[in-house]
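Please read the structure below before turning to the comments.
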Amino acid sequence: MLRGQFSSDEPTPVELLRSDAGSARCLLVIGDGFVSTHALPARGDLILGRAAEADIAIDVSCISRRHALLRIGESTQIEDLGSANGTFVDDRRLERGVIATLPPGAAFELGSVMLMLQDRQASIRPRRIWTHGYFEARLEDECARAEQAHATFALLRVRATAPADSAAAVHAVLLACLRPADVVASYGPDDYEVLIADATDDLARTLERRLRARLAETGAEVRTGLAAYPADGRVPEALMARACAGVDAVALDDEPQGLIIESAAMKNLHRLLGRVAASDISVLVLGETGVGKEIVAERLHALSARVAAPLLRLNCAALAPDLLESELFGHERGAFTGAVGARPGLLETATGGTLFLDEVGDLPLALQAKLLRVLETRRVRRVGGDDDVAVDLRIVAATHRDLEAEVAAGRFRQDLLFRINGMTLVIPPLRERVDEIGPLATAFIAAYCRRHGRAPLPIDPAALRAMRRYEWPGNLRELRNVVERAVLLCTTPTITLAHLPADKMASTFEMRKLRPASSPPIAPAPPPVDLRGGMRAQERALIEDALARAGANQTRAAKLLGISRRTLIARLDEHGLPRPRKDPR
C-alpha cells in the first residue's frame, strides 16, 4: 500500500499543486496493482522505505523500512541503505553505500517495485476522463490490492448537471481537484465516478466537499455519493451501490428484489423462512457476495414474533476490531480515549428483537470468544464495565466465506459456528435463478425511472437474452448497478444492448459454452476422443485473446471474459500460461 500524500489536516490537492509549482519533477511509483505519483522538491534528501516515517512511504513487503536515499540537487542520485531485496539501476544491484546518478526519465527498482523520475508537467498533462469499462477494471484491481494490503480507499459518484457551455469547466474542475493517483471516469451523461486512492474517510470527505464547492462555481447542480472501503463494502458492486444510493438520496434497502420470487429454489427458500421465523433458533445465511442475504434476514424478522422490536444490523468486516467491540458490546465512560459517556452496544439495544451480523466470518477471534459467551449466558458486559446486562435477542448471521474451512484454518471458532448455525439457509446465486433476471431487471428499471422522473423503459429482447446468459458474478448488486447505468444512458424508447456492458456479457457466454454441462443429456452421443483437448484449446485461445485485448492486465482480461480475476489466474495456471505483468496505468 502506498500511503496517501494528503491528510485532512494538510493542504488540499489543488493547494498542494500550487505550492509545488516550482517543482520540476515527480516520482512515479509502480507496483503490483497500484500506481502513485509524488512531487519532488527542487533539492534535498528523501528516505524511501516501508517505515511510516519515511519521506515517501511505500508499504509493500519487498521494501525495507529504510530502503534507499534519493538525493536531489544539481543531479539526482540514489543510494541503497542496506535493503534486504536490493536497489537496482540499469538491472544492476547497488552495493550498500554506492551512489548512482539518475538521468531525467530514469527508472530504477526497489525490490520488485519500479520507480521512475518524470517531468512534473508531463505527468499532469495526460490526465483525462476515462471510460466506465476502464474504471470498472481499476476498481476491481483496487479492491483486490486493498484486501491484500489492508488499505483504504474511497469511491465517489458525482452528478453535475450543468449547462452545455459549462461541460468543459466541469471536466476541468474534476481533473484539477483530484490527485494524480486518483481516477475519474464517465458513468453516464452528467455523471462521473472517481476512485480516490489510498484515502482515509476524512481525506475522502474533504475532497468531496471541496469538489462540490468548485463544481457549484461552474453553475452545475451537484449531487455526490461516497463509499469507503472496507466500511461500505469490499467488492466493486457493493461500493458502487452505496455511492449511487448517495447520489440519488435513496436508502439501499428500498429495493424491489425482496419481492421477486420466481425460481423454484427461491420459492422453497421463502417457504422455509416462514417455518424458521416462528422459532428463536439462530440462523446462518450463506451465499455469494451481493446475493441478497440481508433481504433474507429482513424477511426472517418480519415473519417472527419479534417484528415489533428492532432489527439491527452490523457489518463485521466494516470496522476496526476496537470499534467493532464497542459497537457490538457497548462501553462505559472512560473505557478508552474518547469514551466521554456510557453507551449500550447493539447486543443490548437489540433486546427483544433481532441482530443481523453480516460477514460474521470476518469477526476477529478475540471478539468471537466474547460473542460466544453472550450466546451461552445471554448476558453482555460492556467494554470497561464490571456488571453483566441480561439480553434477549435472536442472532441471524451471514457470510460468503466457507466457515468450516475457516475453522480448519484456525480463523473461526468451531464452538461459535455450532452456536450460530442452528439452521443454515443457502441463497443460490443469480446465475442459478435465470427466471428471476427479467422480472428483477424490470423492477429495477421501474424504480430508477421513478427516481429520474421518466416513464418505465421496456427491455429489448436481445438485451434481455444477453442478461439471462450472463453469469452475474456480483449477483443482485451488479444487476442493480448495470440497470441504473442503462437507465442513465438510454435516450431511446427501449433499453438495448448498446446500454449494457455487452462485450463482457458476450465473453461470459462464450466461456460458458466451453464448459461441460453440470448434468449430461439423458442419452449423450459418444464424444470424440479429442473433445476435451479441443475444448481446452478453445478456452486457452479465448484467454490469450482477452489478455491481448486488455494489454496484459489480468483484471481487465477477466472482465472481458466475464469471470473473476481469481478464476482467470487459476485458468492461467491450468493452461501453463505465464502470469503477465500488470499494465502500470
Side-chain angles (χ1 to χ4, degrees), residues 1-31 34-90 92-127 151 176-182 197-200 203 206-207 584:
M1 178 183 77
L2 280 179
R3 303 186 191 279
Q5 287 178 249
F6 311 102
S7 72
S8 57
D9 295 324
E10 293 176 336
T12 66
V14 173
E15 292 166 346
L16 191 58
L17 284 174
R18 288 172 179 164
S19 68
D20 286 339
S23 177
R25 278 172 290 179
C26 64
L27 185 66
L28 184 67
V29 183
I30 306 168
F34 64 83
V35 177
S36 185
T37 305
H38 297 259
L40 296 177
R43 60 179 57 250
D45 293 349
L46 300 176
I47 297 292
L48 312 180
R50 198 176 73 248
E53 60 270 17
D55 297 300
I56 297 181
I58 310 173
D59 192 3
V60 179
S61 60
C62 68
I63 304 288
S64 297
R65 292 181 60 79
R66 289 170 54 87
H67 196 108
L69 178 66
L70 189 68
R71 302 179 183 274
I72 304 172
E74 295 300 323
S75 63
T76 303
Q77 300 174 324
I78 188 73
E79 175 186 348
D80 188 84
L81 299 178
S83 65
N85 293 308
T87 301
F88 298 85
V89 178
D90 294 331
R92 176 175 61 87
R93 180 167 182 164
L94 299 182
E95 297 295 330
R96 180 172 185 172
V98 173
I99 299 173
T101 299
L102 300 171
F108 59 100
E109 292 179 280
L110 306 184
S112 62
V113 176
M114 177 179 290
L115 298 92
M116 184 180 296
L117 291 173
Q118 287 193 330
D119 177 79
R120 184 171 181 81
Q121 295 304 317
S123 69
I124 294 174
R125 197 176 302 120
R127 298 208 64 193
C177 283
L178 298 169
R179 302 167 302 168
D182 300 331
D198 292 307
T200 62
L203 170 60
T206 298
L207 291 178

| Excluding sequence neighbours, so at least two apart, what forms salt bridge (charged side-chain N to carboxylate O under 4.0 Å, His left out) with E74? | R43
| request: Could you tell me which non-hydrogen atom of N85 sits nearest to which non-hydrogen atom of S61, and how far apart they are? | output: ND2-O, 4.4 Å
| request: Go through the structure and list residues passing side-chain contact (heavy atoms from CB on, under 4.5 Å) with E95, not counting sequence neighbours. | output: V98
| query | What's the spacing between E109 CD and D90 CG if we round to 0.5 Å? | reply | 10.5 Å
| field | pair L48-V29: side-chain heavy atoms closer than 4.5 Å | value | no
| field | Set of residues satisfying side-chain hydrogen bond (donor to acceptor under 3.5 Å, both in side chains) with respect to S83, sequence neighbours excluded | value | H67, D80
| field | Validation row: I47, L81 side chains within 4.5 angstrom (heavy atoms) | value | yes
| remark: Here the pair of heavy atoms bringing V89 nearest to A100 is CG2-CB, 4.2 Å
| note | Here the gap from L46 atom CG to L69 atom CG, rounded to the nearest 0.5 Å, amounts to 8.0 Å
| query | Would you find a donor on one side and an acceptor on the other, under 3.5 Å apart, between the side chain of T76 and the backbone of L102? | reply | no
| Value rounded to 0.5 Å, distance of OG1 in T37 from CE in M116 | 11.0 Å
| said: I'd like to check L115 versus I58 (side-chain heavy atoms, cut-off strictly below 4.5 Å). Are they in contact? | reply: yes
| message | Please give me the minimum heavy-atom distance between C62 and V113, naming the atom from each residue. | response | SG-CG2, 3.9 Å
| task | Looking only at non-hydrogen atoms, find the nearest pair between P103 and L117 and report the distance. | result | O-CD1, 4.1 Å
| To the nearest 0.5 Å, how far apart are OG in S112 and CD1 in I63? | 7.0 Å
| Which atoms form the tightest heavy-atom contact between C26 and A39, and what is the distance? | CB-CA, 4.1 Å
| field | Closest approach of L207 to C177 (non-hydrogen atoms, all atoms of both residues) | value | CD2-O, 4.1 Å
| So how far is it from I78 CD1 to F88 CZ, rounded to the nearest 0.5 Å? | 13.0 Å
| query | What residues form a side-chain contact (heavy atoms from CB on, under 4.5 Å) with S75, not counting sequence neighbours? | reply | Q77, T101
| Residues forming a salt bridge (charged side-chain N to carboxylate O under 4.0 Å, His left out) with R71, sequence neighbours excluded | D45, E79
| task | Output all residues satisfying side-chain contact (heavy atoms from CB on, under 4.5 Å) with R65, sequence neighbours left out; order by chain, then residue number. | result | R50, A51, E53
| Crowding at CZ, R93 (>12 non-hydrogen neighbours, <6.0 Å) | yes
| query | To the nearest 0.5 Å, what is the distance between CD1 (I72) and CG (L40)? | reply | 4.5 Å
